[in-house]
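Proteins come first, then strands; the chains are lettered A, B, ... in the order of their sequence lines, and each starts at number 1.
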Amino acid sequence: MERTNKLLFNAASGCRNGKYEEDSIVRMAARTERARTLLDGLNPEQREAVITTEGPLLVLAGAGSGKTRVICHRLAYILAAGFCGPRNVIAVTFTNKAAGEMKERVSRLTGLDVRSLWVSTFHSAAVRMLRAAGNLVGVKRDFTIYDEGDSEALVKRIIKDRGWDPREEKPRHYAELISRAKDDALDPDDWLEKTFLHRAVAEKIYEVYREYEKRLARAGALDFGSLLLRAVKLLRHPEGKRRFGERFQYVMVDEYQDTNAVQYEMVRLLAAAHGNVCVVGDDDQAIYEWRGANRANILAFEKTFPKAKVITLTRNYRSTQGILDAASHLIGNNTRLREKKLRAERGSGSVPRLIRARNEYDEAEQVVRAIRTNLKAGAAKKDHAVFYRVHALSRVLEEVLSASGIEYQLLRGVSFYQRAEIKDVVAYLKLLVNPDDDGSFLRICNKPARGFGAKTLERLVAAATERNLSLMAYLRKCGEDRENRPAQRKKEAAFVEMLDELQSLLKKESVSIVVREVLERTRYLELYDQNDPEDLQRFENVREFLSAAQDFEESADEPTLAAFLERITLATDADDYDPSADRVVLSTLHAAKGLEFRHVFIVGCEEGLLPHGRALGEEADAEMEEERRLAYVGMTRAKDTLTMSYAFERRMYGQIQARTRSRFLSEAGIDDTSDWGGTERETRSFFVGRTPATLSGSRDTGIVGCGVLSEGDSVRHHRFGTGVVLYVAESGDENEVVQIRFKNKVKNLMTKFAHLTRV
DNA sequence: AACGAGCGGTTTTTT
DNA sequence: ACCGCTCGTT
Ligand SMILES: Nc1ncnc2c1ncn2[C@@H]1O[C@H](COP(=O)(O)OP(=O)(O)OP(=O)(O)O)[C@@H](O)[C@H]1O
């Protein structure tokens, strides 16, 4: 209690920081009033969390209990009460999107200018600190950020240089291990000491890890792990401590259960001077242990900060009791260290529903039918979300939704920025910002061909490595030393000159103009053929990239190329979510974290999918529990209705597989009887032998069955687009084949599999 | 340099 | 089933 309410204390004494001020009491009173209104709309426990501004605070509470609301209001309260200015607070969220929303909410709640407030992900915060003061810890101002793909490409080069076969020594695998090592703050030597892998294997990885670090440094690049590690180093540096440790007087972290060892250390260092740190989270929602997150961080918070106060919230404002009960039953199957009770404030509501389907198409059609029923009853498209364990399941849902004319937004699977042509353009841009970035150099130097063939590059890399120079630095400095080959030298010089010219544009031109010039002068687009439909898509993607650059320069605080590249590499799936767009949301369970929808569907509730196959082993108890938490997260996103579904058969890895229902369904008390009434065996026999095209529901989605089409009909196919029927074979038969002329080619398709719709 | 056959990995989740 | 990469061929 002594330290609980700083506001009361200040108001009573009319004193802050030990100094009396003439009109301070009056101003304090006004502030007090404003701050007080921020307690409206909070329950007593939430209020207590908000006014406990000083010292370490842990809010450990179940799903939908208002943790995020606490953080927002607490932040606003601190500012409104005038305990410090916006620039003295740092808040960390899980996605950039969540950061943006929090900032906006705080701005609305306080009416203050929040531009100097730091609300971001750990990674973005690290980048910001390193751009400002990275030189203190050996980070160049213009460092490049390597994403997973860049790291893997680097590892692959290292493996090849060693003369190893990348099919044996899988770069993926190595990159993964290196990344995990960094999550645990282990450098190559630490890692070698700690690893349980066989000596011979471990030493190979060690060797690659060391070389990887060396080349990252030479390229002036940081991967995701190093970003955080360097930030920690910076926060330990006396000057860094002064600049950031003292600046941030209040530290807040949302979703604390999914922080890793390095992020934990960042939090500890940021709070070291004053201990004003508030973390909120729910250990039952920890779903990122696979990438190095450590639930122990939240469970041991009181050990890290011995004077910590702990507040639990037990009222769930999101879901109805029926949904909450199912979710609680499910999570009750985990061994839990901190059991959390939750009561639904919204009353009993409906019981979760189960959909059983013959196959993935039937599943999607039933889900879409349910959505359509809700729409007819007045619900909006954006009130609906469909979640799945793996992105691969989105395909069929997309097809059926489009066929039904229901707009949807996909929290993207293969990120737009991961596409080859986009990565190429980005590589050119990265090279302009940081010419030492060998990864980018190698990626684009011969796209289109300009004299950097395999042989030439081999020689070049060897020569540069020998001198410990980046490729570009080598071309600049030592181009002359090399014997003869005047034609070759001329080509290299032309390349360097082209990049120099582009680089000179950086200072005077906007991002989109630079991108345009890069495309123009590098003649990158000449790689592609206007008549090839796949290439056409590439042109389209590049155009979209250009418009993303335009949007960026119009909206960003700091519209530099470096900032644009940062935004691109640190973007997350969830960042795409536009809650105001009236569209059904399709998302993985992971990207669903923190969101909420009136109607939630979880598809693919099958053994091997949810729980995922990797969690099924005898010794995979920890993984199984994480899968269960993942299902828990998904279920607790639902406000009004929750529908889970599974299919008896599903096409996976190109083969039709028989599936069995997820154990999580019975664990959650969601049973067979709730929908069909029959036993599983009866249902299965009912479905077997029916083709998707003849199943009920097909009519509704507009997918045409056999015997319907004739010559001249216009149809749409999910992949080939629209086309005209040229010929129908075995019309009406189950094996009917239609020949269709699409834009670029003629295809023969079996009607029952093609899922065509009329246009 | 440009093409195609053959292979291997993919569909775990992502900062 | 599908993609992208590699390697061999032209
Ligand atoms: N005191 C309250 N009164 C009414 N509604 C509330 C209250 N606190 C929170 N809510 C609402 O409850 C819902 C869940 O809140 P919030 O997202 O903050 O919970 P959370 O604990 O962060 O959830 P999760 O961990 O599941 O993501 C939101 O719609 C929020 O507006």
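The pair A:R172-A:E152 meets the salt-bridge criterion, since a charged nitrogen lies less than 4.0 angstrom from a carboxylate oxygen. Salt-bridge formation is detected for the pair A:K204/A:E169: a Lys NZ or Arg NE/NH1/NH2 atom is positioned less than 4.0 Å from an Asp or Glu carboxylate oxygen. Checked for salt-bridge contact, A:E607 and A:R663 meet the test: a charged N lies under 4.0 Å from a carboxylate O.
Taking the 5.5 Å centre cut-off and the 30° plane limit, the aromatic side chain of A:W290 is not classed as stacked on B:dT12. Here A:H590 does not lie in a stacked arrangement on the base of B:dT13, lacking the combination of planes under 30° and ring centres under 5.5 Å apart.
Ring centroid separation for the pair A:F495 and A:F452 comes in under the 6.0 Å cut-off.
Taking atom CD of A:E176 as the reference point, atom C1' of B:dT12 lies 10 Å away to the nearest angstrom. Atom NE2 in A:H173 sits roughly 17 Å away from atom C1' in B:dT10 (whole-Å rounding). Residue A:L411 contributes atom CG, which lies 10 Å from atom P of B:dT14 at whole-angstrom precision. What separates CZ of A:R180 from C1' of B:dT13 is a distance of 11 Å, to the nearest Å. Whole-Å rounding puts the A:E148 CD to B:dT10 C1' distance at 15 Å. Rounded to whole Å, the distance from OH on A:Y528 to P on B:dA2 is 13 Å. One interatomic measurement links the two molecules: OH of A:Y653 to P of B:dT10, which rounds to 9 Å at whole-angstrom precision. Whole-Å rounding puts the A:K170 NZ to B:dC7 C1' distance at 13 Å.
The A:Y288 side chain lies nearest to B:dT14 when the options are B:dT12, B:dT10, B:dT14. Between B:dG9, B:dT12, B:dT14, one nucleotide has an atom nearer to the side chain of A:E627 than all others, and that is B:dT12. Across B:dA1, B:dT12, B:dT14, the shortest atom-to-atom separation from the side chain of A:R614 is found for B:dT12. Listed nucleotides B:dT11, B:dA1, C:dA1 differ in distance to A:A392; the shortest reach to its side chain belongs to B:dT11. Looking at the side chain of A:R389, the nearest of the listed nucleotides B:dT11, B:dT13, C:dA1 is B:dT13.
Taking 3.5 Å as the limit, the base of B:dT13 and the side chain of A:E626 contain no donor-acceptor pair of atoms between them.
A:A571 comes within 4.0 angstrom of the backbone, heavy atoms only, and of no base.
Of the side-chain N and O atoms in A:T588, none sit less than 4.0 angstrom from OP1 or OP2 of B:dT12. Within the structure, a side-chain polar atom (N or O) of A:R172 is placed less than 4.0 Å from OP1 or OP2 of B:dT10. A:H123 has no side-chain polar atom (N or O) that falls below the 4.0 Å cut-off from OP1 or OP2 of B:dT14. OP1 and OP2 of B:dT14 both lie 4.0 Å or more from every side-chain N or O belonging to A:R291.
Seen from the ring of A:F94, A:K593 counts as a face-on cation partner, given the 6.0 Å and 45° thresholds.
For A:E626, the side-chain contact (heavy atoms from CB on, under 4.5 Å) criterion is met by A:E289, A:W290, A:R629, not counting sequence neighbours. Looking at residues two or more places apart in sequence or on another chain, you find a salt bridge (charged side-chain N to carboxylate O under 4.0 Å, His left out) between A:K182 and A:E213, A:D223.
Partner of A:T144 under the side-chain hydrogen bond (donor to acceptor under 3.5 Å, both in side chains) criterion, out of A:T569, A:D150, A:N434: A:N434 alone.
Toward the 5′ end of DNA chain B lies the nearest nucleotide of A:A449, the other residue of the pair A:F94 and A:A449 mapping further downstream.
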B/S/- contact track for nucleotides 5-10 of chain C, protein heavy atom under 4.0 Å: SS----
